[in-house]
Every structure is written in structure tokens, then in C-alpha cells.
K.L.:
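Provided herewith is a single structure, encoded as C-alpha cells, for subsequent inquiry.
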Amino acid sequence: MPEMIEVPVLIVGGGPAGMSLALLLNRFGVNSLLAERRATITTHPKSRGCHARTMEQFRVWGIEERVRRAGLPQESDVACWCESLNGPLVGYTQPAPTTNTPSPRSIVPQDAVEEALDDALSRCPLADIRRSTELVDFEQGPTGVVAKLHRLNDGHEYQVRAQYLVGCDGASSRVRAALGVQMDGPEQMALMANHYYRADVSHFPHVRSAIGFLVRPRDRSKEDTIVLATGPVGDRWLSVQKLRDGEEPMTEARLIEAVRELWGIPDLHVERINVMNWKMSAQVAQNFRVGRVFLAGDAAHRFPTAGGNGLNSGVQDVHNLAWKLVAVLSRAADDALLDTYEAERRPVAQSNTAFAVDNQHRIDRMDDAFVRRDEDPETWRELLRDQDKQLHSDGQSMGFIYTDGAIVDDGSPVPPHDPQRYWPTDRPGARFPHFWVDAEQTESTIDWFDTSFVLVCGPDADGWQRAGSILAARVSVPLQIKRLPHMLGPLSIERDGAVLVRPDGHVAWRAKQAGAADDLYRAYDLVLAGGTRAVTELVPSIEVRT
Ligand SMILES: Cc1cc2nc3c(=O)[nH]c(=O)nc-3n(C[C@H](O)[C@H](O)[C@H](O)COP(=O)(O)OP(=O)(O)OC[C@H]3O[C@@H](n4cnc5c(N)ncnc54)[C@H](O)[C@@H]3O)c2cc1C
């Protein structure tokens, strides 16, 4: 008999999505086994940055400061168009502060993020992280999934029986292929090669003030290129080469020559660290769930990189999924709750795809305007200003509102989606807004949302607080009560109102004023039964008084 390991959740893939899920499950007190093919975390910086919503999660998980230290200075979320890296620098976008969050975005490379997650996981006793371990195949039945894993070091094969499997195995997901899930959208918009190199140019004043440089040489026979800053020092860079049909990535010798020319330093020491080919795609999986198997991160969606949603969406996916898996595993919630994962996250993935495609067109439109900037400065300036829409996208990052899912819809109008600007709201489905609870600005409302539901009560909401305490004592998915000390936040509830917030920080239900305790009890039950996806007749978890 082959070796068989039993675990509640098997995670395939240890990129940002898979590691975040293992970390989250550990916080909830649930065991997981993570199988990752690679022996180490990524050696390529890939993603450029973490949006505020991701940084908020890192804050709650205790890794925000570490991640931020590995990033560029706060005001450097600007893109620069230039003819060469030693000038002239023709146009910069404007940096803009992220507001409405305790955790502004950070321009930080993915390897540093993975390092922080990996380090945090080393202190998670319930997360069994198995590197150099590949998923070979799996089968699912009504009670679980049996997967075959292959240890790459010594060829050992063994089986894992899990109640749920989450495929966080990236763009070429084997889990997705095995499920037969199709992707909507173009698979290849462009083929790119990222050259990651070391070259110490930290003496230049401009290298720490921009996320990247779009180099468009005046001599049009020379190649355009994008050079991205990697880390806070100014000694590691990423050169992005767009490959034509059949073209190979440039050789190291050619890269060194090109880099020296770009920086205008003929004897600059340049060392290529690695090179990675990747496809620019704009695809969303048709299903995020098939039975007991889920897809998250790049396995579920692939965006053009402009606007930087790849890593961020993966972290949000598993943040949405983790508490639902935990609630169903503990038998406190119906299976229908798990259907809300796709209902909530797929529309966000579609929106992020459209946003990223728009951003890519935004960048492409700059090329002609850059060349013609002296004849047509108005168009050039207008398009440069337009770039702010992709660089400052707090609305896209924090403003998504789930309208179909684990919520009790109160029928209020859904605020229009504004990708650039985040408009705080306590409407069901929205992220509960951040505001500081104390004058010293050390405690944010965001800090309250981690592994339990939270009933946020207005300063005069004695009735809701009492009802919440009764509910908290009887339910198996933990519920905490928080009393607002003041109404200094962007809330629609009155002083005696309350908001029920899910563990992922999204509003499940809202009572604008004092009301019947039964409304809260029913709301709690309805959310765990799947909210708008509930299929069972509700049996209240505590007796409803009539
Ligand atoms: C070169 C490059 C540049 C990028 N630049 C940006 C950017 O600028 N901005 C941005 O937002 N995004 C960027 N991205 C995308 C970003 O890196 C991804 O969105 C992000 O890594 C997705 O995280 P993930 O955890 O879903 O998947 P991944 O990070 O791809 O992780 C998947 C993991 O699964 C493992 N795996 C696969 N199959 C198996 C198997 N059968 N068994 C076990 N393990 C398996 C892989 O080894 C991998 O570690 C870039 C990606 C690449 C490749």
C-alpha cells in the first residue's frame, strides 16, 4: 500500500496565493499540506508591488513592515518615460498618497514578498510545507480528494487524502487542466522575456524615485525597453524585452551591452541573475470551483501586468476562500457557502482583467505620443496624466463590492465602480472601511478582521451588543463584538446601528439603526448558509423569538 497522508486541505503551489492560504489556515487553526514543485521561493522578482488591500492583510498577519522595508520609498510609485537612463527624462507620472487605509501600497518585488511569507510560514505549526514536491494527479469523490504527490529529490511517490484541494499552481495549472476548466479570453497577447540583472547605479539621484522607466530611444532603429527597479538600493533591475514571433531572448553578452548603453556607462559591471519568458494573457477561468477542488491566483486568472493585479488578486482570492473552507470543515456552514467563492471572486477577476487590458492600451498609446511630443504636447500631457489611472487604482484594489455571495443584500444601491478612487462604504459586500479607533492612530478597524466574524456596534448600540453577545456564546464560527468609540468613520449606520463583518473584512449585513435581535441571528445563519446562494431552509442557530 502506498503511503497515505490525511489532511483537511491540500494546497498545490507555493507562490504568493498558496503560501497565503497556508498561512491563513494556520491562523484559523486548520492543518494544511502545501506541495510546491520548486526547491525554493521564486528567484525572479516578477510582480512589482502590493496594493493597499494586500498590505492590510500583511499588517494583520504581522509581515507588513518586513515587506515594506524591501520595497522602494513610499513616494516612488511613478513611471518615467525617457530616451535613455542617463537622460533626458521626459515625463514622470505624479505620485499620489493612498488614503483610507492604515497600509498604503508598497512597490516591492515578489521575491521579497515570498521571502516574508515563507519566513512567517516557518512559524506556522499547522502548515506542512513540502518543497520539491509535485502534484502528479488527483481524483475526487463525494467525501474528499485523493492526490498523488511526487518528491523530486528521490522520486518517492505518496498519496494525500484531503477534504478539499486548492489549486494555486499558477498560469499553467495542472489542477485546472485535470478539471477540464476552460479559460475565457486571449491566451497570448504578447510574449515577453524578463532579464533580471545586477548593476550598481545607486549613485544616480533618480533610481530610487520611480517604479520603472519606459525607454524610447530617439534613434528609432534602437529597441524600446522597460526597465523596472527591484528593491530599495538601486543595484538590481529588470529589463523587459518584448519578443517578436520566433525571437529568442537576448543573450547575456547582448544584455550587458544594452544595459551599459542605456545607463551611459561603458564599463558598468552588469551581471545577469536570471531570465524568464512569460506570456501576456487576459484570461479568466470559467469555473473557480469543481466539487471539492478550487482554483485561486494565476490558476484562475491571468492578467497583463499593467496595474499590477496578478499577485494581489491571488492573495485576495485565498483571503475570500479560507474562512469559508474553515466554516464548512467545522460543519458550521453549508456547502453552498463554498459556491460563493466563485460568485464573489470571478467578477473581480473579470474586472481586473478588463482594467489590466485598458492599462496595457494606455501604455501602448504613449509610444506615438512620446515620439510626437514636441509637435503635439497637448496629447502627450493628456496621455501622461491618463497613466495615473493605472498607477493609482485604490478603487480597483479596495473598492470591489460583492453583490452575489455570502451577504445579506439590503437592497440599497450598489455604488458605481471607480477603479481610480476608493469610496468607503459599509454596504453589504464592501470592505468595511478603515478608520483609526484611537487618537494615536495605532489601531485601525482593519485590525479587527482576522479569524472571526465581528459585530461592529455603534457607540449607542446597546441592543445590538446584547444580541451579539448572546449569538457569540452559542455559535461555532467565532463572533467578536466591537463597540465604536465614536462615529468618526465613513459609515451610514446611526449611533445605535451595527454591521456584521466577515472574517475577510467584508460587510455581511448591516442594520442602520436599533432593531430586532432576530434580524442579526437570521443574518448570521443566512450568510453561513451561502447568503444569496443559500439553498437550504434556514434553521436559526438560536431560537428566534416571535
Ligand atoms: C516574469 C513574470 C513577471 C511578472 N510581472 C508581474 C508584475 O509586474 N505585476 C504583477 O502583478 N504580476 C506580475 N507577474 C504575475 C505574478 O507573478 C503572478 O500573478 C503571481 O505570481 C501569481 O501568484 P500565484 O501564487 O497564483 O502563482 P505562482 O506565483 O505562479 O505560483 C504557482 C506555484 O505553483 C507551483 N506549481 C505549478 N505546478 C505545480 C505542481 N504540479 N505541483 C506542485 N507545484 C506546482 C509553481 O512552481 C509555482 O511556484 C509576473 C509573472 C511573471 C512570470
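This structure is a prediction, so every number in the text was calculated from the model and none was measured. Counting starts at 1 for both ligands and their atoms, in listed order.
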K.L.:
Among Arg53, Lys389, Arg105, exactly one meets salt bridge (Lys or Arg N to Asp or Glu O under 4.0 Å) together with Asp394. Which residue is that?
P.N.:
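It is Arg105; the other options fail the test.
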K.L.:
Give, for atom CZ of Arg302 and atom CG of Asn352, the distance between the pair rounded to the nearest 0.5 Å.
P.N.:
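Reported to 0.5 Å precision, the distance equals 15.5 Å.
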K.L.:
Just which atoms of ligand 1 are under 4.0 Å from any heavy atom in Thr133?
P.N.:
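The atoms of ligand 1 under 4.0 Å from a heavy atom of Thr133 are 43 (C).
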K.L.:
Before we go on, tell me: are the rings of Trp81 and Tyr92 under 6.0 Å apart, centre to centre?
P.N.:
no
K.L.:
Please determine whether a side-chain nitrogen of the Lys or Arg among Glu261 and Lys222 lies less than 4.0 Å from a carboxylate oxygen of the Asp or Glu.
P.N.:
yes
K.L.:
Which option wins on minimum heavy-atom distance to atom 1 (C) of ligand 1: Trp278, Tyr196, Phe303?
P.N.:
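Nearest option to atom 1 (C) of ligand 1, by heavy atoms: Trp278.
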K.L.:
For atom 50 (C) of ligand 1, what's the nearest protein heavy-atom neighbour? Residue, atom name and distance, please.
P.N.:
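For atom 50 (C) of ligand 1, the nearest protein heavy atom is Lys46 CB, 4.0 Å.
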K.L.:
Among protein heavy atoms, which lies nearest atom 36 (N) of ligand 1, and at what distance?
P.N.:
Asp169 CB, 3.9 Å
K.L.:
Of all the atoms in ligand 1, which lie at a distance below 4.0 Å from a heavy atom belonging to Gly15?
P.N.:
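Near Gly15, meaning under 4.0 Å from one of its heavy atoms, ligand 1 has 25 (O), 29 (O), 31 (O), 33 (C).
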K.L.:
Quick test of your reading of the structure: of Arg38, Glu36, Arg37, whose heavy atom lies closest to atom 46 (C) of ligand 1?
P.N.:
Glu36
K.L.:
With a 4.0 Å cut-off on heavy atoms, does Gly314 reach ligand 1?
P.N.:
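Checking ligand 1 against Gly314, which is what was asked, there is no heavy-atom contact under 4.0 Å.
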K.L.:
For the atom pair CG (Asp77) and OG (Ser209), what is the distance rounded to the nearest 0.5 Å?
P.N.:
11.0 Å
K.L.:
With ring-ring contact (aromatic ring centres under 6.0 Å, His included) as the test, pick out the partner of Phe400 among His51, His417, His506.
P.N.:
His506
K.L.:
Drop me the distance from Glu223's CD to Ser239's OG, to the nearest 0.5 angstrom.
P.N.:
10.5 Å
K.L.:
Looking at Arg431 and Glu56, is there a salt bridge between them, counting it only when a charged N and a carboxylate O are closer than 4.0 Å?
P.N.:
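Between Arg431 and Glu56 there is a salt bridge, with a charged N closer than 4.0 Å to a carboxylate O.
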K.L.:
Run the numbers for me: atoms of ligand 1, each under 4.0 Å from some heavy atom of Arg48, listed by number.
P.N.:
7 (C), 8 (O), 9 (N)
K.L.:
Short list, please: which atoms of ligand 1 are under 4.0 Å from a heavy atom of Leu311?
P.N.:
11 (O), 19 (O)
K.L.:
Mind checking the CE-NZ spacing from Met276 to Lys46? Nearest 0.5 Å is all I need.
P.N.:
4.5 Å
K.L.:
Would you say Gly310 has any N or O atom under 3.5 Å from an N or O of ligand 1, going by distance alone?
P.N.:
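N/O-N/O distance below 3.5 Å exists for this pair.
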K.L.:
Considering only heavy atoms, does Val12 approach ligand 1 within less than 4.0 Å through its side chain, its backbone, both, or neither?
P.N.:
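Contact part for Val12 vs ligand 1: side chain (C-beta onward).
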K.L.:
Of Ala171, Cys168, Pro16, Ser47, which has the heavy atom at the shortest distance from atom 7 (C) of ligand 1?
P.N.:
Ser47
K.L.:
Please assess Arg502 against Glu344 for the test salt bridge (Lys or Arg N to Asp or Glu O under 4.0 Å), listing each intermediate value before the final yes or no.
P.N.:
CA-CA 13 Å; Arg502 314 184 322 189; Glu344 293 182 349; 2.7 Å; yes
K.L.:
Should you measure from each heavy atom of Asn194, which atoms of ligand 1 turn up under 4.0 Å away?
P.N.:
1 (C), 2 (C), 3 (C)
K.L.:
Considering only the protein, which heavy-atom contact is closest to atom 53 (C) of ligand 1, and what is its distance?
P.N.:
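That would be Met276 SD, 3.8 Å.
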K.L.:
Side chain or backbone, does Ala17 bring an N or O within less than 3.5 Å of an N or O on ligand 1?
P.N.:
yes
K.L.:
Of all the non-hydrogen atoms in the protein, which one sits nearest to atom 34 (O) of ligand 1, and at what distance?
P.N.:
Gly13 CA, 3.2 Å
K.L.:
Need the ligand 1 atom indices (1-based, order shown) with element for anything under 4.0 Å from a heavy-atom of Leu135.
P.N.:
40 (C), 41 (N), 42 (N), 43 (C)
K.L.:
Name the orientation class of the two ring planes belonging to Trp263 and Phe204 (parallel below 30°, tilted from 30 to 60°, perpendicular beyond 60°).
P.N.:
parallel
K.L.:
Report the nearest protein non-hydrogen atom to atom 18 (C) of ligand 1: residue, atom name, distance rounded to 0.1 Å.
P.N.:
Asp298 OD2, 3.2 Å
K.L.:
Using a strict cut-off of 4.0 Å, indicate which atoms of ligand 1 neighbour a heavy atom of Gly170.
P.N.:
27 (O), 30 (O), 32 (C)
K.L.:
Please list, in number order, the atoms of ligand 1 under 4.0 Å from a heavy atom of Gly297.
P.N.:
26 (O)
K.L.:
Begin from the C-alpha positions of Asp335 and Arg533 and carry the test salt bridge (Lys or Arg N to Asp or Glu O under 4.0 Å) through to its verdict.
P.N.:
CA-CA 10 Å; Asp335 179 80; Arg533 296 277 161 142; over 6 Å; no
K.L.:
Could you tell me whether Trp380 and Phe370 have their ring centroids closer than 6.0 angstrom?
P.N.:
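Yes; Phe370 has its ring centre under 6.0 Å from that of Trp380.
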K.L.:
Looking only at protein heavy atoms, identify the closest one to atom 17 (O) of ligand 1 and say how far it is in Å.
P.N.:
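The closest one turns out to be Gln110 OE1, 2.7 Å.
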